[in-house]
Protein chains: 4
Amino acid sequence: MRQAQQARAKATVDAVVEAAARILAEAGWPAVNTNAIARRAGVSVGSVYEYFPNKQAILDVIIDRHLTEAEETLAAAASSLAGVTDTGVLVEALVAGFVRLHENDPRLHRALSSEVPVSPAQRARVEALRKRTISLLAAALAPNVSDPGIRATLLVDTADALAHRWLIDEVGLPLPADRMASEATKMLKGYLLS
Amino acid sequence: MRQAQQARAKATVDAVVEAAARILAEAGWPAVNTNAIARRAGVSVGSVYEYFPNKQAILDVIIDRHLTEAEETLAAAASSLAGVTDTGVLVEALVAGFVRLHENDPRLHRALSSEVPVSPAQRARVEALRKRTISLLAAALAPNVSDPGIRATLLVDTADALAHRWLIDEVGLPLPADRMASEATKMLKGYLLS
Amino acid sequence: MRQAQQARAKATVDAVVEAAARILAEAGWPAVNTNAIARRAGVSVGSVYEYFPNKQAILDVIIDRHLTEAEETLAAAASSLAGVTDTGVLVEALVAGFVRLHENDPRLHRALSSEVPVSPAQRARVEALRKRTISLLAAALAPNVSDPGIRATLLVDTADALAHRWLIDEVGLPLPADRMASEATKMLKGYLLS
Amino acid sequence: MRQAQQARAKATVDAVVEAAARILAEAGWPAVNTNAIARRAGVSVGSVYEYFPNKQAILDVIIDRHLTEAEETLAAAASSLAGVTDTGVLVEALVAGFVRLHENDPRLHRALSSEVPVSPAQRARVEALRKRTISLLAAALAPNVSDPGIRATLLVDTADALAHRWLIDEVGLPLPADRMASEATKMLKGYLLS
DNA sequence: GATGAATGAGCTTTCATTCAT
DNA sequence: CATGAATGAAAGCTCATTCAT
């Protein structure tokens, strides 16, 4: 009984978050308003405010979810690459990881990174994730490469930025995105050998 | 008389655009409203609507100005580099150009690229500029480099994205931004030699 | 069984009314909402509506309780003063009665008399109580005093209003409230002798 | 021209305040909402917020107006009674003053004193006015009366409370209100002679 | 043209009340 | 009967835009 109630409540929460994410992805931040969210979620505005103190809180959950996904991808990569020092393997995993991260729901991704008001705390969380990624890569590169901190920064920022541009920004490319990714991998590998 | 009126009109237009740009840079997109713009520009709301059909049009001019600046930088680079085929020189100019472009008014730059709702038309204009940059670079690289189109794409997107991240995003770096830029230059040069 | 159910129902009703009264006294009328009442009473909103048709009905019970207390005070005074015609004793009992009535839960008293929307019916009930008090006093005064109706009106309204002002309104006084009450008693006694 | 514009603006402000006061007097505080105020004032909601930061601010103006009126009545009485020490004259003026104050717009008066949320600052202002009235009366009584502070408090609070009850509360009276006032005057005069 | 008062659609949020479980 | 999730009318407020002066 209790369970059933909680399940119902959870379903409402999920529906609201999902509705907000869909509107955000399809129509952009200006189109995200509480009435639209409620309508799309198939609930009433009142229910939205039953579970979220205000509109921003819904967005926060979406951003959280997004960041958590990225953090988990990093953690998974870190554990599956534990002990690996082969620079080629590391670069390939890096690029592949960022590609995977950006392949999922690119419209939402774009809205989140270029329309939505991001709080300082959220910005800090993004930066912390970036820093952690760089640190992990730097540690793995250290045995074989000079200036690992600098190189890791360049690698991570380049891989992230290119993946973003090619997969999110709907930009024209002379090759399919995956072939471009291979090319980027080649460039980054070459850089590590210098 | 006609002359004087036109001069006055232009002054108003400029004041409005400048006011909007300053509010955008200092307080972000949510703070940009027509009353604030008019107050800051020292004119009445009525006058704003005398020269702009709606609020978006003001933003459009700001974006235009921004793009025009980039286009001029590109045109200047193109003419000063006319005939140059030395890949090292080209890469250095490319990175230096993007750095220069991002050094100017970074707060405004950030607001424009991560808060403001950008119309499809504007997106198209950004893409056109990118395409033109890639084409020019590809043509210059063509004599000495295989797959010039692919390589130019990689070079332009990387240089642009890294400049953006390092100069606009207020991100932590192991070296000063100009030293990071040198490192990026090194990477891109190496890539062209492969 | 029936007995137990009724006892339980009464307990719920009491808890709800008491919760509403406490919120009203502590946080004022704007803070009184059905969810807060239910939470404070330790029951669900649903249960509140099981026993009260609407929010106003809860307030009505509080007002009722308040008026009943006043009526009982009046009845007690009437019976204990039955046959008393000494005007001094009557005035002292009158003032003491109103003081006692206002000493109890002054915050609630204030909220009830200056925040809460009072219905015409409730106003009528207050007026009926006032009229009854005046009538009883007038009857007691009749043997010894001319114009007993007018004098009783003046006495009752003055005693009530001053007790209210001095005990409820948190107003600055040159003497403690009980000393002020003695002074008022003196004034009213003097008036009856005129 | 400037003047005309300001006149128009002032007319809007006045219409809004007046509309709010009328709704408050006729239908009570719960009926006072910004849309109703705007409709009644013959302006749009936007205009209301052009001149008032929020709904409370409108109410504040009404309360201010009310208090200012009372303060002016006090000031006028003080100056016209300067030097008067005849207690009979003083009491008559006191009662007449409170009657006059309560005769005006009694429905509004009632709403203001028993429905509307009053801020601590406003309460303080009311208390300050009461204190000032008491002080002025005490000073005038001082030559002829013992305990002038205590007696002035009793006189002021009684006159105010009775005027309020008889003129505002729509309460049943054995005589017309003005005759009741004479009776109250008689009582208060008697008290001063004791 | 310039002004700024006025407009009102539309947004966020609250809360008395209902009803499926 | 009890529960508490769900409802939705209604309120406060904002701001792009209009228009009388």
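Fair warning: this is a prediction, and the values are worked out from it, not measured in the lab. Within every chain, numbering begins at 1; the chains are lettered A, B, ... in the order of the sequence lines, protein sequences first and strands thereafter.
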Would you say C:Arg40 has more than 12 foreign heavy atoms packed within less than 6.0 Å of its CZ?
yes
Just wondering, are more than 12 heavy atoms of other shown residues or ligands nearer than 6.0 Å to CZ in B:Arg107?
no
Of all the heavy-atom pairs spanning B:Ser44 and B:Ala38, show the shortest one and how long it is.
C-CB, 3.8 Å
In Å and rounded to the nearest 0.5 Å, what is the CG to CD distance from D:Asn104 to D:Glu69?
5.0 Å
Specify the separation, in whole Å, of atom [atom1] of [X] and atom [atom2] of [N].
X	N	atom1	atom2	result
A:Ile37	E:dT12	CD1	P	7 Å
B:Trp29	F:dC15	CH2	P	12 Å
A:Phe52	E:dC11	CZ	P	20 Å
C:Ile58	E:dA16	CD1	C1'	10 Å

Between [Y] and [X], does any NZ, NE, NH1 or NH2 come within less than 4.0 Å of an OD or OE carboxylate oxygen?
X	Y	result
C:Lys55	C:Asp60	no
B:Arg125	B:Asp64	yes
C:Arg22	C:Asp105	yes

What stems, by residue range, does DNA chain E take part in, given at least 3 consecutive Watson-Crick or G-U pairs under 3.5 Å?
E:2-21 with F:2-21
So if I define the base as every atom that isn't primed, P, OP1 or OP2, how would nucleotides 6-12 of chain F read as a B/S/- string at a heavy-atom cutoff under 4.0 Å?
BBB--SB
Any luck finding a side-chain donor-acceptor pair between D:Ser119 and D:Gln122 under 3.5 Å?
yes
